[in-house]
Amino acid sequence: MTKGVVTRFAPSPTGFLHIGGARTALFNWLYARGRGGRMLLRIEDTDRKRSTKEAIDAILDGMRWLGLEWDDEPVYQHTRVSRHQEVVSELLEKGLAYRCYATPEELEEMRNEAHAEGRTAVYNGLWRDRDPADAPASVEPAVRFKGPKDGETVIDDQVMGTITVANKDLDDLIIQRSDGTPTYNLAVVVDDHDMGVTHAIRGADHLTNASRQAQIYEALGWEAPVFAHVPLIHGPDGAKLSKRHGALSVQAYRTMGYLPEALRNYLVRLGWSHGDDEIFSTDQMIEWFDLPQIGRSPARFDFDKLENLNAHYIRQGDDQALADCARALVGELSSGECPPNAENDEAWEKLVTAMPGLKERAKTVADILNSGRFVFVARPLDFDDKAKALLDADGRAVIQGLVDPLSAIDVWSVENIENAVRQYAERADLKLGKIAQPLRAALTGRTVSPGIFDVVFALGKDEAIARIVDQAG
RNA sequence: GCCCCGUUCGUCUAGCGGUCUAGGACGCCGGCCUCUCACGCCGGAAACACGGGUUCGAGUCCCGUACGGGGUGCCA
């Protein structure tokens, strides 16, 4: 019975979609898609103060860019508070919850006491069985769930295995704040149930919550979803992921020039494996992805591997699509990274022509723009120091000899250009490198570029010869 | 402090008691190819955290220690 699988991605809109959230979303998406199920999206915004429209937009935008389409309309949790309150009332009526009038000071004291006594549970049950008649009129009560005091709560987690927690270590958690709004643990249970969620795949930071939620499901007589808690992603130093090393928005990866398929491939392989396989098409991921193959220990984020995968997908990429992708990046890059004359359509066409050689060398889309810069620059070119050195008297003389043979070419093709240059080399008794390097310098202003014949070709006959003449002597 | 989880090359991981003198990938080193740089190809260095058990036999099972992570909120 896998037909009815329903997963959900449930971010709280307090910030952008970062790499960890993206992986959680990906896992939910893959699991649902692989089983003919649905993935729902729920925005956990019960904490209105910390939730922003910008964050919501960033999350939705990030998911779309990654190609993780959700089913149905997103559910905004704050719109469901009356339903949450209804469930709280039900719990209250059945004696499965109670009002707690404890003050912040009393709570603080309990905390210190628990710590001193080496207990996990903090709340000492002050109002658990107390007569409501004792309630101080001045205090608005919060509502606490009345959990079992004895025995243990066991959840069968698809990733973490069987997790057993003694009930005495789980104190009565607040399910409704004194202002009447529901808290996370109550809202998740109600919403997952109402939305028909069958599998809750989320970060391991929710593992403790799962035990508490299991108790609430039990109290309500509802069936809990299958839980799968995915270990968090760490930075290269093993510590929590920080902005410095990868806790960036997925949009930041886009502007750095990463392809969504590369990020997906990297992310799916981080903590999950399918034998020795490294490269996965989306269809393969969907077919092979499963929960038990997810590892239980946190994985470190490794830019090198992401970059390698990105280079792989760039090499496989369609030339025009890559150029479009590069062009879309222009507005987002700093002026130093941006090619000059970026509004020149002709230059973009040349970029497509040069793409086979460019994409072979690029690790990111930004690299394509950088190494393809020569199609954008206008004469007279700027030269870096090494290029200048190549264009000494010798170099200038050598490329001077290229003007006539290239001018004589009727059909401007890579093959004809190569023949012309090689014949010239033979006549002049020069090794190809002796010609290619000064030529490269004259055409690109640099000493590194795609294959020289491809560069000559991509520039076009007039431009190529003009650049040579500029430097010949 | 207490509760839960984890620990195989630098990193991501394969391994589910004998096939492990531990495999793959990234990175690194060397070589080949070569018009530069890449790509590609070939080769190399590199790991079972530690200590006890269980077993004919342990990377694989159990216990402990160390280390790491998560939780311990009227945040999610």
Side-chain angles (χ1 to χ4, degrees), chain A residues 10-14 44-47 49-51 77 100 102 104 107 111 114-122 140-144 157 159-161 163-166 168-171 173-179 181-185 187-188 202-211 229 231-232 234 236 238-240 266 269-279 295-309 311 315 357-363 367 371 386 390 418 421-422 425 431-437 439-441 444 446-453 455:
Chain A
S12 64
T14 52
E44 311 241 313
D45 55 358
T46 51
D47 188 344
K49 293 180 285 294
R50 301 201 309 151
S51 304
Q77 199 162 47
C100 171
L107 258 14
R111 210 181 318 278
H115 197 278
E117 291 174 17
R119 278 187 287 109
T120 303
V122 168
E140 280 301 318
V143 177
R144 284 184 187 269
D157 192 276
V159 174
M160 295 299 185
I163 306 295
T164 304
V165 178
K168 69 171 173 57
D169 291 331
L170 263 19
D171 59 8
L173 79 159
I174 290 174
I175 55 178
Q176 190 174 90
R177 303 185 184 93
S178 49
D179 68 1
T181 59
T183 59
Y184 168 74
N185 279 299
V188 191
R202 63 221 318 188
D205 48 337
H206 287 292
L207 191 56
T208 311
N209 289 328
S211 298
H229 290 90
L232 271 21
H234 288 176
K240 212 168 178 173
Y266 177 70
R269 193 64 188 65
L270 193 61
W272 174 80
S273 60
H274 183 269
D276 284 339
D277 296 316
E278 298 286 347
I279 305 288
R296 292 184 188 179
S297 45
R300 300 183 191 203
F301 190 85
D302 181 10
F303 262 108
D304 284 335
K305 192 147 184 173
L306 204 212
E307 207 161 69
N308 172 270
L309 245 11
R315 270 179 253 126
L358 257 17
K359 68 184 183 185
E360 194 75 21
R361 295 161 173 78
K363 286 179 174 157
D367 286 348
S371 55
K386 287 182 198 159
L390 282 170
E418 174 159 5
V421 176
R422 285 192 187 277
K431 298 193 76 169
L432 190 53
K434 283 291 178 194
I435 299 170
Q437 277 308 79
L439 177 56
R440 171 171 283 117
T444 68
R446 302 179 182 181
T447 55
V448 174
S449 83
I452 194 63
F453 309 121
V455 170

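Per chain, numbering begins at 1; letters A, B, ... match sequence-line order.
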Item to complete: Verify, without hydrogens or angle tests, whether A/R269 (side chain) and A/H274 (backbone) share a donor-acceptor contact under 3.5 angstrom.
Response: no

Worksheet entry | Whole-angstrom distance between B/G59 and B/G51, as gauged at atom P | 12 Å

Discussion item. Please name the nucleotide paired to B/C56 by Watson-Crick or G-U wobble geometry with both distances under 3.5 Å, or report none.
Written reply: B/G18

Discussion item. Between A/Y266 and A/F303 (judged by ring centroids, cut-off 6.0 Å), do the two rings come close enough to count as a pair?
Written reply: no

Response to the item:
A/W272 CH2 to B/C12 C1', in whole Å, measures 13 Å

Discussion item. Partner lookup for B/C50, please. Criteria are Watson-Crick or G-U wobble with both distances under 3.5 angstrom; report none if nothing qualifies.
Written reply: B/G64

Worksheet item: In the 5'-to-3' direction, what one-character label does each nucleotide of nucleotides 66-76 of chain B receive under the scheme B = base within less than 4.0 Å of a protein heavy atom, S = sugar-phosphate only, - = no such atom?
Response: ---SSBSSBBB

Fill in: A/V165, nearest nucleotide to its side chain (from B/G27, B/C3, B/U13)
B/C3

Discussion item. How many whole angstroms separate atom CG of A/D304 from atom C1' of B/C26?
Written reply: 7 Å

Worksheet entry | Nearest listed nucleotide, side chain of A/M160, among B/C5, B/C26, B/U13 | B/C5

Worksheet item: Rounded to the Å, how far apart are A/E117 CD and B/C3 P?
Response: 14 Å

Item to complete: Quote, to the nearest angstrom, the C1' distance that separates B/C48 from B/C61.
Response: 15 Å

Discussion item. Once you apply a heavy-atom cut-off of 4.0 Å, does A/L270 come out as touching a base, just sugar-phosphate, or nothing?
Written reply: sugar-phosphate

Discussion item. I'd like the P distance from B/G6 over to B/G10, given in whole Å.
Written reply: 23 Å

Worksheet item: Just checking A/R119: base, sugar-phosphate only, or nothing, at a heavy-atom cut-off of under 4.0 Å?
Response: base

Worksheet entry | Strand partner of B/G30, provided both Watson-Crick or wobble distances fall under 3.5 Å | B/C42

Fill in: RNA chain B: 5'-proximal contact among A/A299 and A/E278 (nearest heavy atom)
A/A299

Discussion item. With rounding to the closest Å, how many angstrom separate the P atoms on B/C28 and B/A22?
Written reply: 25 Å

Worksheet item: Across the strands shown, which category fits A/S211 at heavy-atom distances under 4.0 angstrom: base, sugar-phosphate, nothing?
Response: nothing

Worksheet item: Do the side chain of A/T14 and the main chain of A/R50 share a donor and acceptor less than 3.5 angstrom apart?
Response: no

Fill in: 5'-most by nearest nucleotide on RNA chain B - A/Q437 or A/A116
A/A116

Fill in: Expected output: side-chain A/R177 to main-chain A/P182 donor-acceptor under 3.5 Å
yes

Practice prompt. Scan A/F453 against the nucleic acid and name what it touches under 4.0 Å (heavy atoms): base, sugar-phosphate only, or nothing.
Written response: base

Fill in: Atom C1', compared across B/U60 and B/U54: separation rounded to whole Å
13 Å

Discussion item. Considering every strand and a 4.0 Å limit on heavy-atom distances, what is the contact class for A/G451: base, sugar-phosphate, or nothing?
Written reply: base

Worksheet item: Has the side chain of A/D171 got a donor or acceptor atom that lies under 3.5 Å from a matching backbone atom of A/V122?
Response: yes

Response to the item:
Here the distance between atom P of B/U13 and atom CG of A/D276, to the nearest Å, is 14 Å

Fill in: Separation of the C1' atoms in B/C16 and B/G23, to the nearest angstrom
15 Å

Discussion item. So which atom in A/P13 and which in A/D45 form the shortest heavy-atom distance, rounded to 0.1 Å?
Written reply: CG-CB, 3.9 Å

Worksheet item: Say you pick atom P in B/U21 and the same atom in B/C26; how far apart are they, in whole Å?
Response: 26 Å

Worksheet item: Are A/R202 and A/V188 close enough, and set up right, to give a side-chain contact (heavy atoms from CB on, under 4.5 Å), and what steps lead you there?
Response: CA-CA 12 Å; A/R202 63 221 318 188; A/V188 191; 4.0 Å; yes

Fill in: Any strand: nucleotide that pairs with B/C2 via Watson-Crick or wobble, under 3.5 Å
B/G71

Discussion item. Is it the case that the base of B/C39 and the side chain of A/R361 share a donor-acceptor contact (distance under 3.5 Å, atom types as modelled)?
Written reply: no

Item to complete: Indicate, with a heavy-atom threshold strictly under 4.0 Å, whether A/R300 touches base, sugar-phosphate, or nothing.
Response: sugar-phosphate

Item to complete: Would you give the length of the straight line joining atom CD1 of A/I163 to atom OG1 of A/T208, rounded to the nearest 0.5 angstrom?
Response: 9.5 Å

Fill in: No-H, no-angle donor-acceptor pair, A/R315 side chain to B/C39 base, under 3.5 Å
no

Fill in: Rounded distance (Å) that lies between atom P of B/C4 and atom CG of A/D157
15 Å

Worksheet item: Expressed in angstrom and rounded to an integer, what is the separation of A/E307 atom CD from B/C12 atom C1'?
Response: 16 Å

Worksheet entry | For atom CD1 of A/I452 and atom P of B/A38, their distance in whole Å | 16 Å

Fill in: Nucleotide nearest A/S297 when distance is taken to its side chain, options B/G6, B/C35, B/G40
B/G6

Discussion item. Suppose we define a pair by two distances each less than 3.5 Å, Watson-Crick or G-U wobble; what does B/C37 pair with here?
Written reply: none

Worksheet item: Where the side chain of A/I163 is concerned, which of B/C35, B/C5, B/G6 is the nearest nucleotide?
Response: B/C5

Worksheet item: Quick one: which of B/C4, B/C35, B/A38 gets closest to the side chain of A/E360?
Response: B/A38

Item to complete: Using the C1' atoms only, state how far B/G52 lies from B/G68, rounded to an integer number of Å.
Response: 22 Å

Worksheet entry | Pairing nucleotide - B/U11, Watson-Crick or G-U, each distance under 3.5 Å | B/A25

Discussion item. From CD1 of A/I435 over to P of B/C35, roughly how many Å is that when rounded to an integer?
Written reply: 11 Å

Discussion item. To the nearest 0.5 Å, what is the distance between OG on A/S371 and NZ on A/K363?
Written reply: 12.0 Å

Item to complete: Please step through side-chain contact (heavy atoms from CB on, under 4.5 Å) for the pair A/H229 and A/V159, ending with a clear verdict.
Response: CA-CA 6 Å; A/H229 290 90; A/V159 174; 5.5 Å; no

